[in-house]
Amino acid sequence: MPLTDIACRNTKPREKQYKLSDGGGLQLVVTPAGGKHWRLAYRFAGKEKTLSFGAYPTVKLADAREQRDDARKLLRQGINPAELRKERIKAAATEVENTFEAIAREWHENEKGGWVQAHADRVLSRLEHDVFPKMGAKAIDAIEAPDVLAVIRSVEARGALDVAKRIRQSVGAVFRYGIATGRARRDPSGDLRGALKPAPRVRHHAYLRETQLPEFLGKLDAYDGEARTRLAINLTLLTMLRTNEVRFGRWEELEGLDGGRPLWRIPAERMKARREHLVPLAPQAVSILMQIKSEAGKSSLMFPTPGKDGVMSQNTMIFALYRMGYHSKLTIHGFRRTASTILNEYGFNRDWIERQLAHGEQDEIRAAYNAAEWLQGRREMLAWWADYVEKMRGRTRGQR
């Protein structure tokens, strides 16, 4: 006798599992725990089979009957409904794996080991904020150039032209990864050349020209803030390092400070290019480090603080420049351009300068070779630079 919805609702559990039949092989299986599950019993190729339709009352009686009837139609066509369901589930899973978002996250996971964490976070954040909401759910092979352009246009509309450019680069990298892994046929982002708005002219970090260096050094010597801030600025100027490379410095990274070839060996994980960086230390830099050591005490960090990162704040040095009157006139990063400009003007090997700035090297073998081959040249260059800075400082002292 066919079931009714009231009968299904009022069915109570028993000590052992039992089932109620609705006809056509449809059964309501009642468990001792009180669960009620729809199941279709049928025969295929001479063997008994079962197919689950879900739990009652989530799946109502009418819905279960509809699924039974659909399964019976398949059986009449010689198709096993259970096998067809497995194939559809597998196809759906494959479709999800082939979405742009799934492949982009896989690409990001594959690449992030070669990036600093901050860069990896920025790349993923751009994808999650600007790309995934618009085309993340699409199969990667179904995405065309207009789809990518629509994403880029939405970023351009808020004036973020540099972000738009970087997003196009990331999207292109995802497509190329999809091609390499056999899930995409082409990279439609390449068709956008000429369709994007040109990026504004690059504004370089404010820096000191040679004629401005003596006055700055005089103000730095007279700085009335914390001594370690003044020392950090001096160290950054002499080593041509980035702010984070200095402020996260650890004493264990220093070698031979009491010898003739002192060196700062910064590990790859702390460098923007994810490659170990060697910094030959001039005597003036070693002297500064010894003064910093007396300020840091027993800490393994050069610039320890109880703050969020445990080290000197990212803004400490730039705020010191503001106090000295250099707001919008100079940045800490600008020291790198100051040193580079002066060293180039005085005829130093450009490769030495670029390597000292830790700029990217496309050929990893060549980069490793040059790091060692140019170390002595860079040591001589940084010694000259430290002497030069000292000479500029002397000009200010002579004016006092």
Are the charged groups of Glu226 and Arg230 less than 4.0 angstrom apart, N to O?
-> no
Quick note, salt bridge (charged side-chain N to carboxylate O under 4.0 Å, His left out) partners involving residues 310-328, not counting sequence neighbours, are Asp224-Arg323
Determine, for Arg68 against Asp22, whether the closest basic-nitrogen to carboxylate-oxygen distance falls under 4.0 angstrom.
-> yes
Note: Glu128-Arg105 ion pair, threshold 4.0 Å (strictly below) | yes
Distance, nearest 0.5 Å, that separates NZ of Lys19 from OG1 of Thr31 = 14.5 Å
Centroid-centroid under 6.0 Å between Phe175 and Phe100 rings = yes
Run the numbers on Tyr326 and Phe216 for ring-ring contact (aromatic ring centres under 6.0 Å, His included), then give the verdict.
-> CA-CA 9 Å; Tyr326 286 93; Phe216 167 75; 5.4 Å; yes
Is any side-chain N of the basic residue among Glu253 and Arg250 closer than 4.0 Å to the acidic one's carboxylate O?
-> no
salt_bridge(Asp69, Lys73) N-O dist < 4.0 Å | no
Do side-chain atoms of Arg247 reach the backbone of Met317 as a donor and acceptor pair under 3.5 angstrom?
-> no
Check for a donor-acceptor pair, side chain of Thr181 on one end and backbone N or O of Tyr177 on the other, with a separation under 3.5 Å.
-> yes
Determine, for Asp70 against Arg65, whether the closest basic-nitrogen to carboxylate-oxygen distance falls under 4.0 angstrom.
-> no
Full working for side-chain hydrogen bond (donor to acceptor under 3.5 Å, both in side chains) between Gln284 and Asp387 | CA-CA 8 Å; Gln284 294 90 332; Asp387 289 342; 2.8 Å; yes
Is the closest basic N to carboxylate O distance between Asp147 and Lys138 below 4.0 Å?
-> yes
Cluster overlap Ile179 with Ile103, hydrophobic side-chain contacts below 4.5 Å | no
Could you give the side-chain donor-acceptor pairs of residues 49-57 under 3.5 Å, partners two or more places apart or in another chain?
unit_1: Ser52; atom_1: OG; unit_2: Gly54; atom_2: N; d: 3.4
unit_1: Tyr56; atom_1: OH; unit_2: Asp5; atom_2: O; d: 3.4
unit_1: Tyr56; atom_1: OH; unit_2: Asp5; atom_2: OD1; d: 3.0

Can you name the side-chain contact (heavy atoms from CB on, under 4.5 Å) partners of Tyr388, sequence neighbours left out?
-> Glu210, Leu213, Ile342, Tyr346, Trp384, Trp385, Lys391, Met392
Counting N and O atoms only, with roles assigned by atom type, does the side chain of Gln212 sit under 3.5 Å from a partner on the main chain of Arg209, one being a donor and the other an acceptor?
-> yes
